[in-house]
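Order of the sequence lines fixes the chain letters, A, B, ..., with proteins taken first and strands second; residue numbering starts at 1 for each chain.
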2 protein chains.
Amino acid sequence: MTGVDEPAHRNGRIRDAARTRAEILDVATEEFARSGYAGARVDEIAARTRTTKRMIYYYFGGKEQLFTAVLERAYSVIRQAEQALDVEHLDPVAAIRRLTELTFDHHEAHPDFIRLVSIENIHEAEHIAGSEELGRISSPALEVTGRILQAGRASGLFTAHVDAVDLHALISSFCFFRVANRHTFGVLFGRDLTAADQREHYRNMLGDMVIAYLTADRSAD
Amino acid sequence: MTGVDEPAHRNGRIRDAARTRAEILDVATEEFARSGYAGARVDEIAARTRTTKRMIYYYFGGKEQLFTAVLERAYSVIRQAEQALDVEHLDPVAAIRRLTELTFDHHEAHPDFIRLVSIENIHEAEHIAGSEELGRISSPALEVTGRILQAGRASGLFTAHVDAVDLHALISSFCFFRVANRHTFGVLFGRDLTAADQREHYRNMLGDMVIAYLTADRSAD
DNA sequence: TCAGTAACGTACTAGTTCGTACATTAGTTG
DNA sequence: CAACTAATGTACGAACTAGTACGTTACTGA
């Protein structure tokens with residue numbers, strides 16, 4: 001029985017540019033994340049799609065441009081999720097904790113994305129350099145953070161001298177490290193930072209730390 | 001004029017197994033850090049030493065084993081530096097701040113090491129897996145941290161529920177992220193986390209955060 | 001001093017990998 | 001419905017790359 005929306009042609013060949021493109025991106029994301037940029041094989045990516053290598057060059061031009069496209073899509077997925085953050089009704093401390101937990105959860109849920117970021121940094125961000133698109137989609141998340149910080153300072157609760165970018169770096173650091181470096185950390189220190197039964201522990205730890213930092217007594221300063 | 005300790009042979013060829021081995025490791029460290037495991041070229045490494053590719057296979061057996069040797073040496077260098085930490089005479093808060101700054105400075109000083117760790121995590125630590133040597137040399141640093149934490153808790157200053165491994169992860173996270181992800185972070189948020197004039201700012205920020213976390217008022221718990 | 005061995009160099013190959021020339025077919029539009 | 005174009009498939013090649021077969025030379029110890 002053939003699918004209702006997939007007309008059976010002579011050799012099952014249908015034409016759907018969007019689907020072919022998307023399928024290539026899906027498989028390429030996995031392959032690049034698994035093997036790194038140089039380690040990924042164009043032939044292997046092609047073999048795991050329903051199309052051929054020819055189509056990768058047809059749609060993307062080459063391996064480099066394919067990797068760039070993979071990165072751009074991966075970033076936009078993450079940023080879209082951040083947009084959904086709704087904390088304006090919460091008090092600053094609760095809002096920061098919510099933001100922290102959202103970041104934590106997203107890193108946990110997208111290990112492939114994290115690997116891609118690691119890989120792109122090995123290559124000194126050369127594939128996304130000059131993409132003002134990425135700069136643009138990154139700022140909205142910071143604006144929410146900035147408003148929370150302002151509210152916290154206005155109410156006298158927050159005392160730390162950080163802006164939204166620094167705070168974002170601080171929060172992302174632990175979330176990123178915990179997932180990205182879990183393998184070497186496990187070998188060196190015998191502890192799995194991503195063990196399921198420790199998830200709440202680390203999630204709370206990060207939240208506690210960020211709140212403690214922002215609200216610390218600085219009367220001695 | 002020839003060097004005093006380099007006897008001039010017919011074709012300037014001298015034999016020094018230790019030096020040849022070390023030179024290969026030096027060049028391989030750079031090359032792997034620059035290009036990743038798959039991106040690194042054995043021929044390129046050989047070309048940048050005073051010896052030939054044949055010697056890489058003679059001393060290390062192959063590309064994989066060479067990479068493993070590079071990682072093992074890089075880790076042992078870092079750990080040796082941590083051994084030098086002398087904080088037993090300081091009060092717990094000052095000791096933690098000192099430990100934090102040492103970690104921060106070491107990450108800043110060894111970007112190649114950080115890249116190697118990123119790369120090894122892309123490969124899920126397969127090259128150092130099973131090296132009990134690395135597990136052994138990692139623990140001494142934790143013991144120092146553990147003693148500081150104990151002293152801090154004993155004096156009632158430290159209230160946080162973390163052990164040495166968690167604290168190490170916390171501190172390393174920011175130090176690592178700041179160096180490892182500086183390229184993509186720069187493109188996305190327009191800020192260079194490793195800018196020289198911001199160094200003190202971030203060094204203090206991390207120290208403040210760790211201290212705030214460890215000493216936070218937990219009377220509400 | 002001379003035989004043995006550790007250290008080293010050259011030249012080559014088998015297999016891989018990115019990319020493309022060329023051929024073909026499914027939709028689409030006038 | 002016939003030309004046209006977007007989308008697709010096949011087969012191949014040039015360049016690269018890890019690894020090795022084979023030969024040579026410096027050092028060491030008896």
* Structure fact -> Rounded to the nearest 0.5 angstrom, the OG1-CD1 distance for B:Thr100 and B:Ile171 is 4.0 Å

* Using Watson-Crick pairs (N1 to N3, plus N6-O4 or O6-N4) and G-U wobble pairs, both distances under 3.5 Å, which stems of at least 3 pairs involve DNA chain D? -> C:1-30 with D:1-30

* **Candidate nucleotides C:dC8, D:dT8, C:dC18, ranked by approach to the side chain of A:Val42 - the nearest** => C:dC18

* To do: Any pair with a residue in residues 20-31 of chain B that passes salt bridge (Lys or Arg N to Asp or Glu O under 4.0 Å), sequence neighbours left out, goes on the list, sorted by first then second residue, please.
  => B:Glu23-B:Arg50, B:Asp26-B:Arg73, B:Glu30-B:Arg48, B:Glu31-B:Arg34, B:Glu31-B:Arg48

Close N/O contacts between protein and nucleotides 28-30 of chain D (under 3.5 Å):
none

* Which pairs with one or both residues in residues 121-139 of chain B pass salt bridge (Lys or Arg N to Asp or Glu O under 4.0 Å), sequence neighbours excluded? -> A:Arg115-B:Glu124, B:Glu133-B:Arg136

* In whole angstrom, what separates A:Gln65's CD from C:dC18's C1'? -> 12 Å

* Asked: Could you give the CZ-to-P distance, from B:Arg21 to C:dA7, as a whole number of Å?
  -> 11 Å

* **Nearest-angstrom distance from the residue atom OH of A:Tyr58 to P of C:dC22** => 18 Å

Pairs under 3.5 Å (N/O, protein and nucleotides 10-13 of chain C):
none

* Asked: Is there side-chain contact between B:Tyr37 and B:Glu120, with at least one heavy-atom pair below 4.5 Å?
  -> no

* Structure fact -> Residue pairs passing the side-chain hydrogen bond (donor to acceptor under 3.5 Å, both in side chains) test with at least one member in residues 60-69 of chain A, sequence neighbours excluded, are none

* Does the side chain of B:Leu193 reach to within under 4.5 Å of the side chain of B:Asn181, using non-hydrogen atoms? -> no

* To do: Would you kindly give the CE-to-C1' distance between A:Met55 and C:dA26, to the nearest whole Å?
  => 13 Å

* Structure fact -> To the nearest angstrom, the NZ-C1' distance between B:Lys63 and D:dC16 comes to 12 Å

* Check: B:Val179 main-chain N/O paired with B:Arg182 side-chain donor or acceptor under 3.5 Å -> yes

* Nearest to the side chain of B:Tyr57 - C:dC18, D:dA18, D:dT8? -> D:dA18

* To do: Please list all pairs passing the side-chain hydrogen bond (donor to acceptor under 3.5 Å, both in side chains) test where one or both residues lie in residues 165-178 of chain A, with sequence neighbours left out.
  => A:Glu108-A:Arg178, A:Asp166-B:Arg191, A:Asp166-B:His201, A:Asp166-B:Tyr202, A:His168-A:Ser172

* Scan B:Ala40 against the nucleic acid and name what it touches under 4.0 Å (heavy atoms): base, sugar-phosphate only, or nothing. => sugar-phosphate

* Beyond-backbone contact of A:Phe177 with A:Phe185, side-chain heavy atoms, under 4.5 angstrom -> yes

* Given atom CD1 of B:Ile56 and atom C1' of D:dG19, what is their separation to the nearest angstrom? -> 11 Å

* Non-neighbouring partners of A:Asp43 that pass salt bridge (charged side-chain N to carboxylate O under 4.0 Å, His left out), sequence neighbours left out -> A:Lys53

* Side-chain N,O (B:Thr20) to OP1/OP2 (C:dA7) below 4.0 Å -> no

* Okay, side chain of B:Asn121, backbone of A:Thr184: is any donor-acceptor separation there less than 3.5 Å? -> yes

* To do: List for me each residue that meets side-chain hydrogen bond (donor to acceptor under 3.5 Å, both in side chains) alongside A:Thr51, sequence neighbours excluded, and say none if there are none.
  => none

* Structure fact -> Those residues at least two apart in sequence (or on a different chain) that pass salt bridge (charged side-chain N to carboxylate O under 4.0 Å, His left out) with A:Glu143 are none

* B:Thr51 side chain near C:dA7 phosphate (N/O to OP1/OP2, under 4.0 Å) -> no

* **Pairing residues for A:Arg97 by the salt bridge (charged side-chain N to carboxylate O under 4.0 Å, His left out) criterion, not counting sequence neighbours** => A:Asp208

* Asked: Do the side chains of B:His107 and B:Thr103 get nearer than 4.5 Å, heavy atoms only?
  -> yes

* Asked: With sugar-phosphate meaning primed atoms plus P, OP1 and OP2, does A:Tyr59 contact a base, only sugar-phosphate, or nothing at under 4.0 Å between heavy atoms?
  -> sugar-phosphate

* Asked: Hey, can you pull the residues of residues 24-35 of chain B with a non-hydrogen atom under 4.0 angstrom from DNA chain D?
  -> none

* Structure fact -> Separation of D:dC12 atom P from A:Asp43 atom CG, nearest Å, is 15 Å

* **Between D:dC16 (P) and A:Arg41 (CZ): distance, integer Å** => 15 Å

* Can you figure out which of D:dT20, D:dT25, D:dT8 approaches the side chain of B:Arg15 most closely? => D:dT25

